[in-house]
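Small disclaimer: the values here were computed from a predicted structure and weren't measured. Because only heavy atoms are used, hydrogens play no part in the values below, and waters and symmetry mates are left out as well, while side chains stay in.
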Amino acid sequence: MKTNHYFIILLSILFLGLGGYYLVHFGYYPVAFVNAKMILARSMNNDFVAAYQYYGNILGAQGTDVKSEGFKRELHRQLLNRAIDNILINGGLKTIVGNDLAQLVENKLSAPNLQSPELAESVESLYGVSLSEFRKMVLVPQAEREVLEGRLTLQKKELAVWLTDARALARVMILLPSLSWNGKEVVVNSEY
C-alpha cells in the first residue's frame with residue numbers, strides 16, 4: 001500500500017516538472033503584469049522576432065548594426081512599452097465603449113485591402129509572420145488606438161495626455177531583470 005502511495009507522489013512530481021518545463025519552454029509564463037493582466041513571454045518573443053526581422057530588413061540595409069546587444073535591449077524595451085500601452089488602451093476602451101469594442105475594431109479592419117494576397121505576401125516578407133498573426137499583433141492594437149483617439153477627440157482630449165495619465169495610474173510589475181517600470185515607462189536597468 002505504501003509503495004502505491006510513493007509511486008503516485010513520484011508520478012505527480014514528474015508530471016508537474018514536465019508541465020512546468022513545457023510552460024517555460026513554450027513561453028507561457030508572465031514577463032509583466034499591467035493592472036492584473038499578464039503579458040506572456042510567448043507574445044513578447046513573437047513581437048520581438050517580427051520587429052527584429054522588420055528592422056533587420058530596413059535598418060540593416062542602411063548599415064545600422066541590428067545585431068548589437070544595445071539594439072536588442074532597446075527593442076525589447078520599446079516592445080514592452082507598446083504592450084503596456086496596448087493593455088491600457090484596451091482597458092480604457094472597454095470602459096468608454098463597453099461591449100461594442102469588438103464590433104468597432106472589426107469595422108475598422110474590414111477594409112477589402114486588408115485581406116489581399118499581396119498584403120499577406122508583404123507581411124510575410126517584411127515581418128516573417130502570417131497575416132492573421134500580424135492582424136492580432138499590429139492591426140488590432142492600432143485600430144483600438146484609433147477608436148480611442150476618436151472617442152477622446154469627441155471629448156476634446158488628446159490621446160497622448162490620456163495615455164500619460166493612464167500610465168501614471170497603472171499598476172505595472174515587470175518580472176524581467178533587465179527592465180523596470182519607473183512610473184511612466186519601461187526603462188533599462190543600469191546594471192544591464
Side-chain angles (χ1 to χ4, degrees), residues 21-35 37-92 105 109 114 118-146 148-149 158-192:
Y21 168 76
Y22 282 109
L23 285 175
V24 170
H25 180 72
F26 292 114
Y28 290 107
Y29 60 92
V31 294
F33 290 96
V34 181
N35 294 337
K37 295 198 182 227
M38 283 191 293
I39 298 174
L40 295 178
R42 181 179 182 90
S43 67
M44 287 300 299
N45 289 339
N46 291 344
D47 287 353
F48 179 80
V49 168
Y52 189 73
Q53 179 166 339
Y54 173 78
Y55 287 119
N57 288 335
I58 302 299
L59 297 177
Q62 297 174 357
T64 304
D65 183 19
V66 295
K67 294 182 180 181
S68 72
E69 285 303 312
F71 178 82
K72 291 177 183 177
R73 196 174 311 118
E74 179 61 20
L75 186 57
H76 274 290
R77 187 187 76 76
Q78 289 292 336
L79 290 172
L80 190 53
N81 261 329
R82 188 184 77 183
I84 291 168
D85 286 351
N86 290 346
I87 289 174
L88 295 174
I89 287 170
N90 182 275
V105 169
L109 297 177
L114 292 178
E118 294 84 16
L119 179 64
E121 289 176 22
S122 299
V123 165
E124 179 69 37
S125 67
L126 266 179
Y127 294 94
V129 296
S130 68
L131 184 57
S132 64
E133 290 171 346
F134 183 75
R135 177 184 166 98
K136 183 175 73 172
M137 201 181 308
V138 176
L139 296 179
V140 169
Q142 183 60 35
E144 288 179 349
R145 182 180 289 263
E146 290 172 7
L148 180 62
E149 191 169 23
E158 291 185 32
L159 178 63
V161 174
W162 182 91
L163 205 49
T164 301
D165 294 342
R167 284 181 189 154
L169 295 173
R171 294 180 322 271
V172 177
M173 181 172 57
I174 298 176
L175 304 175
L176 298 172
S178 61
L179 300 172
S180 62
W181 180 255
N182 70 0
K184 295 182 267 182
E185 65 180 348
V186 178
V187 294
V188 176
N189 290 333
S190 60
E191 59 267 6
Y192 284 92

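- Counting non-hydrogen atoms of other residues, nucleotides and ligands closer than 6.0 Å to OH of Tyr55 gives a total of 12 or fewer.
- Looking only at side-chain heavy atoms (C-beta outward), Leu175 and Pro30 come within less than 4.5 Å of each other.
- Note that CD1 of Ile89 and CD of Gln142 are 8.5 Å apart. Values are rounded to the nearest 0.5 Å.
- Between the CG atom in Leu163 and the CG atom in Asp85 there is a gap of 4.5 Å [rounded to 0.5 Å].
- Between Asn86 and Glu144, the closest side-chain pair of non-hydrogen atoms is not below 4.5 Å.
- Between Ser130 and Val123 the shortest heavy-atom distance is O-CG1, 4.0 Å.
- Evaluation of the salt bridge (charged side-chain N to carboxylate O under 4.0 Å, His left out) rule for Arg77 yields Glu74, Glu185 as partners, not counting sequence neighbours.
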Under the criterion side chain to side chain contact (heavy atoms under 4.5 Å, CB included), I'd like the reasoning laid out for Asn189 against Ser178: C-alpha separation, chi angles, the key distance, then a yes or no. CA-CA 5 Å; Asn189 290 333; Ser178 61; 5.5 Å; no

Step-by-step side chain to side chain contact (heavy atoms under 4.5 Å, CB included) determination, Val188 to Leu179: CA-CA 5 Å; Val188 176; Leu179 300 172; 3.9 Å; yes

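- Counting only heavy atoms from C-beta outward, the side chains of Leu131 and Leu119 approach each other to under 4.5 Å.
- A 6.0 Å sphere centred on NZ of Lys72 holds more than 12 heavy atoms belonging to other residues, nucleotides or ligands.
- Between Arg135 and Val140 the shortest side-chain heavy-atom distance falls below 4.5 Å.
- Leu23 contributes atom CG, which lies 11.0 Å from atom CZ of Arg42 (distance to the nearest 0.5 angstrom).
- Considering all non-hydrogen atoms of both residues, Val24 and Tyr29 come closest at O-CE2, 3.5 Å.
- Relative ring orientation between Phe71 and Tyr52 is described as tilted, the plane-to-plane angle lying within the 30° to 60° band.
- A heavy-atom distance below 4.5 Å is not found between the side chains of Val172 and Arg167.
- In this structure, Leu176 CG and His76 NE2 are separated by 8.5 Å, a value rounded to the nearest 0.5 Å.
- By the 30° and 60° cut-offs, the orientation of the rings of Tyr22 relative to Phe26 is parallel.
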Give the C-alpha distance, both sets of side-chain angles, the deciding distance and a yes or no for side chain to side chain contact (heavy atoms under 4.5 Å, CB included) between Arg82 and Leu79. CA-CA 5 Å; Arg82 188 184 77 183; Leu79 290 172; 4.1 Å; yes

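- Few gaps surround CZ on Phe33; more than 12 heavy atoms of other groups in view lie less than 6.0 Å from it.
- Annotation for Leu88 and Ala170: closest pair CD2-CB, 3.7 Å, computed over non-hydrogen atoms.
- Counting all heavy atoms, side chain and backbone alike, Ala83 lies closest to Met44 at CB-SD, 4.2 Å.
- In this structure Glu158 satisfies the salt bridge (charged side-chain N to carboxylate O under 4.0 Å, His left out) test with no other residue, sequence neighbours excluded.
- Of the candidates Val187, Leu80, Val34, Val186, Val186 is the only one forming a side chain to side chain contact (heavy atoms under 4.5 Å, CB included) with Trp181.
- With values rounded to the nearest 0.5 angstrom, Ser43 atom OG is found 10.5 Å from Tyr28 atom OH.
- The aromatic rings of Tyr127 and Phe134 sit tilted, their planes meeting at an angle between 30° and 60°.
- Under the salt bridge (charged side-chain N to carboxylate O under 4.0 Å, His left out) criterion, Glu121 pairs with no residue, sequence neighbours left out.
- Note: Gln53 CD to Glu124 CD = 8.0 Å, rounded to the nearest 0.5 Å.
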Trace of the side chain to side chain contact (heavy atoms under 4.5 Å, CB included) decision for Val129 with Asn46: CA-CA 9 Å; Val129 296; Asn46 291 344; over 6 Å; no

